[in-house]
Amino acid sequence: MQLFYNPQLSKTDKTVLFPKEESRHIVKVLRKKEGDQVFVTNGKGLLFTAVITQANHNKCFAEITEYQETEARKYKLHLAVAPTKMNDRFEWFLEKATEIGIDEITPIICDHSERTKVKLNRFERVLQSALKQSLHYRIPVLNAPISFEKFIEENSAKAQKFIAHCEEGHRKSLKNQVELNKSYTILIGPEGDFSPAEIEKALNNNYIPISLGNSRLRTETAAIVACHSIAFMHDND
């Protein structure tokens, strides 16, 4: 199954026009022609089945024949992750987290952050590509970068809140703290970890300090471990 992405599609639409790049892929690479079937998601849980009516490599049209609403996961996961020094590492995290399953991502700028600017447009393209590759029908929300302090102050969502850090002290195992089928917010720090002041601020705002295992993990690895841990616990529920 080859999946395409069009965020503008709604239940009432009868046709879909593919942009030039995707039109070329459909006609030149996949060798699709009039009468062939294609599948499109709007990234909001809808999967559309369509039949090509004009196989033009510049403007490919298809008629929507049906749609279905896919069931959402029983939990919601929001990862707030410090951007990595190397952009490709953060993009790797975005790709894999989308494949595993995640609802929201926020880049947070911390005291020890080595990167304070990110390219959201590029990150969005990574999410879209991963969505199509993994055959998911809900694309994660990607928020603009925000300071750690502001995120803590503004994140009032009713969720279990965790902070994964490497400082000595009493940290709990994530798997022993998660209440299934809830919403979760997990903070993942930069290469130099969260500062003591940031950890204290999180704890004062009801974030639970957690460990993701015995190894000291890179930022992007820790984020993937957290993402997969939540998914695995629910897969085995």
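Bear in mind that the values here come from a model prediction, so they are computed numbers and not experimental data.
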Using residues 2-9 as the side-chain source, report each donor-acceptor pair under 3.5 Å to any protein atom, sequence neighbours left out, with the distance given to one decimal.
from: Asn6; atom 1: OD1; to: Gln8; atom 2: N; distance (Å): 2.9

- request: Please tell me if the side chains of Ile188 and Leu212 come closer than 4.5 Å, counting only heavy atoms from C-beta onward.
  value: yes
field: Heavy atoms from other residues, nucleotides or ligands near NZ of Lys150 exceed 12 (cutoff 6.0 Å)
entry: no
message: Check whether Ser211 reaches the backbone of Lys172 with its side chain - one donor and one acceptor, N or O, closer than 3.5 Å.
response: no
task: Determine which pairs satisfy salt bridge (Lys or Arg N to Asp or Glu O under 4.0 Å) with at least one residue from residues 178-204, sequence neighbours left out, and list them in order.
output: Glu153-Lys201
Please list, one pair per line, the donor and acceptor atoms closer than 3.5 Å that link side chains of residues 27-38 to other protein atoms, with sequence neighbours excluded.
from: Glu34; atom 1: OE2; to: Ala55; atom 2: N; distance (Å): 3.0
from: Asp36; atom 1: OD2; to: Lys33; atom 2: N; distance (Å): 2.9

- request: May I ask whether Phe148 and Val118 are part of the same hydrophobic cluster, defined by side-chain heavy atoms of I, L, V, M, F, W, Y residues being less than 4.5 angstrom apart, directly or through others?
  value: no
task: Drop me the distance from Asp235's CG to Met233's CE, to the nearest 0.5 angstrom.
output: 10.5 Å
message: Can you confirm whether Tyr184 sits close enough to Val178 that some side-chain heavy atom of one is under 4.5 Å from a side-chain heavy atom of the other?
response: yes
message: Donor-acceptor check, side chain of Gln128 to backbone of Gly43, threshold 3.5 angstrom: yes or no?
response: no
query: His136 and Thr98: side chain to side chain donor-acceptor pair (under 3.5 Å), yes or no, with the steps?
result: CA-CA 8 Å; His136 285 317; Thr98 303; over 6 Å; no
query: Do you know the tightest heavy-atom contact between Ala62 and Phe18?
result: CB-CE1, 4.0 Å
message: Could you check whether any side-chain N or O of Arg138 sits under 3.5 Å from a backbone N or O of Thr70, counting only pairs where one atom can act as donor and the other as acceptor?
response: yes
query: Can you name the nearest heavy-atom pair linking Leu79 to Ala226, along with the distance?
result: CD2-CB, 4.4 Å
field: 4.5 Å side-chain heavy-atom contact, Phe48 and Asp13
entry: no
Exceeds 12 heavy-atom contacts within 6.0 angstrom, atom CD of Glu149: no
message: Would the distance check show the side chain of Ser183 and the main-chain N or O of Ala159 forming a donor-acceptor pair, the cut-off being under 3.5 Å?
response: no
From CD1 (Ile199) to CG (Leu187), nearest 0.5 Å: 10.5 Å
message: So which atom in Ala97 and which in Ile224 form the shortest heavy-atom distance, rounded to 0.1 Å?
response: N-CD1, 3.6 Å
task: Please indicate whether Glu21 has more than 12 foreign heavy atoms, meaning atoms of other residues, nucleotides or ligands, lying under 6.0 Å from its CD.
output: no
message: Can you confirm whether Arg171 is buried at CZ, in the sense that more than 12 heavy atoms of other residues, nucleotides or ligands lie under 6.0 Å from that atom?
response: yes
- prompt: Which distance, rounded to the nearest 0.5 Å, do you find between the CD of Glu124 and the CD1 of Ile139?
  reply: 6.0 Å
message: Is any side-chain heavy atom of Ile186 closer than 4.5 Å to one of Ile230?
response: yes
field: Salt-bridge present (Glu69, Lys11; N to O < 4.0 Å)
entry: yes
- prompt: Do you know which two heavy atoms are closest between Gly101 and Arg73, and how far apart they sit?
  reply: CA-NH1, 3.7 Å
- request: Can you see which heavy atom on Leu77 is nearest to which on Cys227, and at what distance?
  value: CD2-CA, 3.8 Å
query: Taking side chain as C-beta onward, heavy atoms only, is Asp111 less than 4.5 Å from Phe194?
result: no
- request: State, with a plain yes or no, whether a side-chain heavy atom of Thr185 is found less than 4.5 Å away from one of Tyr207.
  value: yes
field: Shortest non-hydrogen separation from Asp103 to Tyr75 and the atoms involved
entry: OD2-O, 3.7 Å
- request: Could you tell me whether the side chain of Pro190 reaches within less than 4.5 Å of the side chain of Glu114, counting heavy atoms only?
  value: no
- request: Please tell me if the side chains of His234 and Asn181 come closer than 4.5 Å, counting only heavy atoms from C-beta onward.
  value: yes
query: Out of curiosity, does Ile210 fall in the hydrophobic cluster containing Leu217 (side-chain heavy atoms, cut-off under 4.5 Å, transitive links)?
result: yes
